[in-house]
Each structure stands twice: as structure tokens, then as C-alpha cells.
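Below: the structure, in C-alpha cells.
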Amino acid sequence: MPAASPARRPRVVLGVAGGIAAYKAVEVLRQLTESGHDVRVVPTDSALRFVGEPTWAALSGHPVSTGVWAGAAEVAHVSLGREADLVLVVPATADLLARAATGRADDLLTATLLTARCPVVFAPAMHTEMWEHPATRANVGTLRARGCVVIDPAVGRLTGADSGAGRLPAPAEIAALARAVLARAGSAANANGTGLAAGLMPDLTGYRFVISAGGTREHLDPVRFLGNSSSGRQGYALARAALSRGARVVVVAANVALPEVAGAHTVRVVSAVQLRAAVHAEAATAHVVIMAAAVADFRPVTRAAHKIKKSDGDPEPVALVRNPDILAELVAARQPGQLLVGFAAETGGPGADLLDLGREKLVRKGADLLVVNQVGDGLGFEVEDNAAVVLGSDGTETVIGRTSKDLLSHRVLDLVTARLAPADGSVIAVSDSTRR
Ligand SMILES: Cc1cc2nc3c(=O)[nH]c(=O)nc-3n(C[C@H](O)[C@H](O)[C@H](O)COP(=O)(O)O)c2cc1C
């Protein structure tokens with residue numbers, strides 16, 4: 001987990017509303033303080049019925065109050081919001097979303113939400129019926145339209161034996177999303193030599209992204225496959241970065257062992273053919289498709305129904321057949337205004353310049369952007385850092401030096417954002433109903 005710089009600890013207000021998942025916010029608090037963030041917890045009165053004040057105070061190292069009357073001399077209902085770099089509400093109840101959407105200021109958390117000028121992220125959790133109710137949908141739509149990030153809850157086990165949409169995503173993933181929001185602000189601040197750029201608001205609200213991640217497996221038999229070392233970290237970091245900027249994100253994950261990105265809808269696939277079907281199905285309504293998965297170029301012609309045995313005799317050479325070129329197919333089926341981004345993980349090699357390979361690939365595929373990254377030597381697969389050159393179909397070349405996959409993702413998204421048609425001017429309709 002990357003630690004925040006001790007010189008200027010990013011300030012996070014962690015709002016906690018009164019839902020059963022309030023206990024999970026304790027872990028979010030823990031994760032953020034351990035990565036060096038200065039966290040002020042602002043629970044609602046109802047939240048304190050689930051987890052008591054001493055827990056929040058002891059773990060954050062700050063006093064905790066729910067109302068505007070305690071310590072009135074400090075005018076906390078104004079100062080907390082003004083000074084925050086991020087306000088994160090975990091869990092956001094149906095009631096809290098309603099109060100925030102209507103601009104109520106009847107406790108410290110809602111007052112803080114009105115005074116905050118930094119990014120605001122809500123992580124809702126409630127029963128499916130509450131989440132799908134038109135009143136909650138309208139409140140979520142209002143908050144998103146105002147520039148707040150309201151992530152979709154996960155689908156899974158709810159309070160009792162029931163399950164459905166409304167479960168709080170994993171606390172560690174919520175903390176990772178918070179760090180992605182702050183990473184963007186932090187990098188902009190470093191670029192212009194100021195403090196944290198609290199003014200960096202979500203710029204991808206209304207856009208729908210499809211991001212492939214991981215590496216495909218092409219099975220020879222039920223247990224053996226041709227695969228690659230892609231962990232899915234870069235694709236997941238891109239998903240997190242897009243979500244932290246307000247986008248709705250579908251991740252098509254090929255054999256990724258990481259926890260699912262909070263707020264994303266994840267579709268799991270194994271082979272290139274499955275990945276192709278999932279990406280095409282989702283791309284029909286996407287403004288941006290980013291192909292960050294390492295997709296096998298070839299697959300075995302046949303897949304044995306049973307495990308190939310040693311006793312079957314000397315092995316036959318494996319006959320391979322070419323897999324479909326998914327990026328080229330997406331280009332051919334491109335929706336008006338849709339942006340297509342490819343990744344080219346290359347090792348270079350004798351007589352093969354990385355960028356020449358990339359330029360040739362960009363032209364051959366017809367994508368808008370191609371992120372060329374060298375893999376191996378501690379870069380690319382299965383590591384935290386990455387470096388890349390982003391080639392544009394307009395002839396641009398943007399060098400991104402070695403950095404975290406989170407920051408590299410934001411740099412790539414900056415290039416995407418600069419090329420996007422306005423969300424509401426696009427022919428691709430994105431409704432804010434219960435569909436993802
Ligand atoms: C056991 C229990 C669990 C609850 N869980 C949730 C929940 O997960 N999500 C939700 O929106 N409300 C939940 N509620 C209802 C809220 O506590 C109630 O709407 C309250 O007014 C919320 O206040 P607040 O939003 O100010 O924190 C729960 C209530 C009880 C008694």
C-alpha cells in the first residue's frame with residue numbers, strides 16, 4: 001500500500017451513516033490511516049448505534065462528534081468540509097443519500113457535505129429494494145449530476161440470508177478508490193507546485209467505460225493451458241481511476257486473482273473467445289473501450305475433453321489457430337463518438353524498436369490511442385509500477401515515466417478525456433436507472 005507523504009498528509013473526512021455495514025467503515029479507516037492519511041470521522045447519530053464513538057476516536061486519533069453544536073467555537077461544520085481533500089461516506093444509507101441530495105444540513109456530516117469543495121465519494125449500502133426505489137435512484141442521479149461520485153454497491157449477501165444489489169464493496173477496495181481520487185489531485189499538485197489540488201473534480205461523469213484486464217487462458221485440456229503473466233493490476237487500476245473520476249465501469253476480467261474493484265461491474269472470462277463475446281456485448285453502449293488485457297494471439301485447434309495422460313504416448317505437437325483480433329473488430333464496429341484504446345506489452349528485441357512496433361500496431365488496428373509498455377525487467381506484469389509511451393492516431397507521443405499503475409492510469413485517462421465527445425452530445429445513451 002503506497003504511503004502518503006508525511007510533509008502534507010491528505011485530509012480525508014470519513015462520513016459514516018447508520019447502516020449495518022458501518023462496522024466495515026472501521027476497516028476503511030484503518031486502511032487510510034495506515035497509508036498515512038489524516039482521517040476525521042464524522043458519523044451520524046444512527047451510525048453510533050452500530051459502532052461507538054470510542055472506536056472512531058481511538059482509530060482516527062481525533063475527537064468525534066455527530067452534531068454541529070459540539071465545539072461550536074471551531075465551527076467544525078464549515079472547517080471540516082473546507083479543509084478536506086476528500087469526503088468519503090461509507091456506508092451511505094438511503095436516508096443519508098436523500099438528505100445529501102436535498103441539501104439538508106441537520107447534522108455535522110450533511111453540513112460538511114455542503115461546505116466541501118473537494119471530491120466527494122459515496123459508497124452506498126442497503127437492501128436491494130431501497131437501492132432500486134425510484135426515490136433513491138433520483139437522489140443518486142442528483143448527486144452524480146452535481147459531480148459527486150456515487151459508486152454502485154456490490155451484488156451479494158445482505159443483512160440476513162437474502163442477497164442482491166446493495167452490499168458494501170470490500171473495505172480495502174473502497175480505500176484503494178479513495179487513494180485513486182487523491183493520487184490524481186496529488187499528481188496535479190506536484191505538477192504545479194501547489195498543495196493538494198482539491199479543485200480536481202470528476203470529469204468522467206456520464207461516461208461508460210469497458211475495460212478488459214488480466215490474461216486469457218487457452219486450454220489444451222481441462223487442466224493445462226497456454227497463458228501469460230498478466231495479473232490484471234493495470235486494468236484494475238484503470239478501472240479504479242475511471243470510477244474515481246465519475247465514470248461507470250464494466251471490467252471484463254480474464255483470470256484475475258485480485259479483489260473486484262469497488263463500484264465496477266465485473267464480468268469474468270477465461271479464454272480469448274469468451275473475452276471477445278463479453279467485450280463486444282458491453283462495448284455496444286460504451287463511450288470508451290480500453291483493451292488492457294493480454295489476449296492470446298493463438299489457441300490450440302483442439303481441446304481434449306479429458307486430461308492428456310503420459311500413457312497416451314509421445315506428445316503430439318500442439319497445432320494452433322489464430323484468435324480473433326478483438327481491437328480491430330471493435331474498430332470495425334465502432335459506435336459514433338466511441339474512443340478505442342489498446343495496450344501493447346512488448347519486450348522489444350534485436351532489431352525491433354518498441355515504438356516502431358507500437359506505431360505499426362496502431363496503424364494496423366486503427367485505435368485512437370495505443371499504450372505501449374515495455375514488459376520484463378521489473379516493469380509491466382505482476383508488479384506495482386509501470387511506464388509507457390502513449391501513441392495517438394493524431395501523431396502525438398506522450399511519454400509516461402516509471403510511476404505507479406494508479407498514476408499511469410490517470411495520465412492515460414487525461415489523454416482519453418481530451419479526446420472525448422461531450423457525454424450528452426453522444427449518440428450512446430447512458431441512463432441513470434438501475435442498469436449499470
Ligand atoms: C439493524 C438495522 C440495519 C440497517 N441497515 C441499513 C442499511 O444497510 N442501509 C440503509 O440505508 N439503512 C439501514 N437501516 C436504516 C437506517 O438506520 C435509518 O434509515 C436511519 O435513519 C439512517 O440514519 P442516517 O442516514 O442518518 O445514518 C438499518 C436500520 C437497522 C435498525
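Start at 1 and go down the list; that is how both ligands and their atoms are numbered.
- For atom 16 (C) of ligand 1, the closest heavy atom belonging to the protein is G18 O, 3.2 Å.
- Between the side chains of D162 and H127, at least one donor-acceptor pair of N or O atoms lies under 3.5 Å.
- Here is the list of ligand 1 atoms found below 4.0 Å of a heavy atom in F50: 1 (C), 2 (C), 3 (C), 4 (C), 30 (C).
- Counting non-hydrogen atoms of neighbouring residues, nucleotides and ligands closer than 6.0 angstrom, the CZ atom of R146 exceeds 12 such neighbours.
- For ligand 1, the atoms sitting less than 4.0 Å from at least one non-hydrogen atom of M126 are 8 (O), 9 (N), 10 (C), 11 (O), numbered in the order shown with element in parentheses.
- Looking only at heavy atoms of the protein, atom 26 (O) of ligand 1 is closest to R99 NH2, 2.7 Å.
- Ranking the protein heavy atoms by distance from atom 25 (O) of ligand 1 puts T93 OG1, 2.6 Å first.
- Closest protein heavy atom to atom 11 (O) of ligand 1: A94 N, 2.8 Å.
- For atom 23 (O) of ligand 1, the closest non-hydrogen atom of the protein is S46 OG, 3.1 Å.
- Every atom of ligand 1 is numbered from 1 in the order shown, and the set under 4.0 Å from a heavy atom of L96 is 25 (O).
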Quick one: do D45 and T66 satisfy side chain to side chain donor-acceptor pair (under 3.5 Å)? Show the steps, please. CA-CA 6 Å; D45 282 329; T66 61; 2.7 Å; yes

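- Side chains of S35 and H37: a donor-acceptor N/O pair is present below 3.5 angstrom, by distance only.
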Could you walk me through whether H287 and Q338 satisfy the side chain to side chain donor-acceptor pair (under 3.5 Å) test, starting with their C-alpha distance in whole Å, then the side-chain angles of each, then the deciding distance to 0.1 Å, before giving a yes or no? CA-CA 5 Å; H287 298 92; Q338 190 176 57; over 6 Å; no

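- Checking T396 against D394 by side-chain atom types alone, a donor-acceptor pair falls below 3.5 Å.
- Shown in contact with T44 at under 4.0 Å from a heavy atom are these atoms of ligand 1, numbered in order with element: 24 (P), 26 (O), 27 (O).
- Remark: atom 31 (C) of ligand 1 lies closer than 4.0 Å to no protein heavy atom.
- No more than 12 heavy atoms of other residues, nucleotides or ligands lie within 6.0 Å of CZ in R104, so this atom counts as exposed by the packing criterion.
- Side-chain N/O atoms of T398 and R411 include no donor and acceptor closer than 3.5 Å.
- The protein heavy-atom contact nearest to atom 9 (N) of ligand 1 is A125 O, 2.9 Å.
- For the 3.5 Å distance criterion, the side chains of H219 and R299 fail to qualify, holding no donor opposite an acceptor.
- Per-residue contacts place G19 under 4.0 angstrom from the following atoms of ligand 1 (heavy atoms of the residue considered): 5 (N), 6 (C), 7 (C), 8 (O).
- Proximity of A21 to ligand 1 is not established, as no heavy-atom distance is less than 4.0 Å.
- Ranking the protein heavy atoms by distance from atom 5 (N) of ligand 1 puts I20 N, 3.3 Å first.
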For the pair T110 and D107, evaluate side chain to side chain donor-acceptor pair (under 3.5 Å) and give the outcome as yes or no after the intermediate values. CA-CA 6 Å; T110 46; D107 62 8; 2.6 Å; yes

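- Among protein heavy atoms, atom 19 (O) of ligand 1 sits closest to D95 CB, 3.8 Å.
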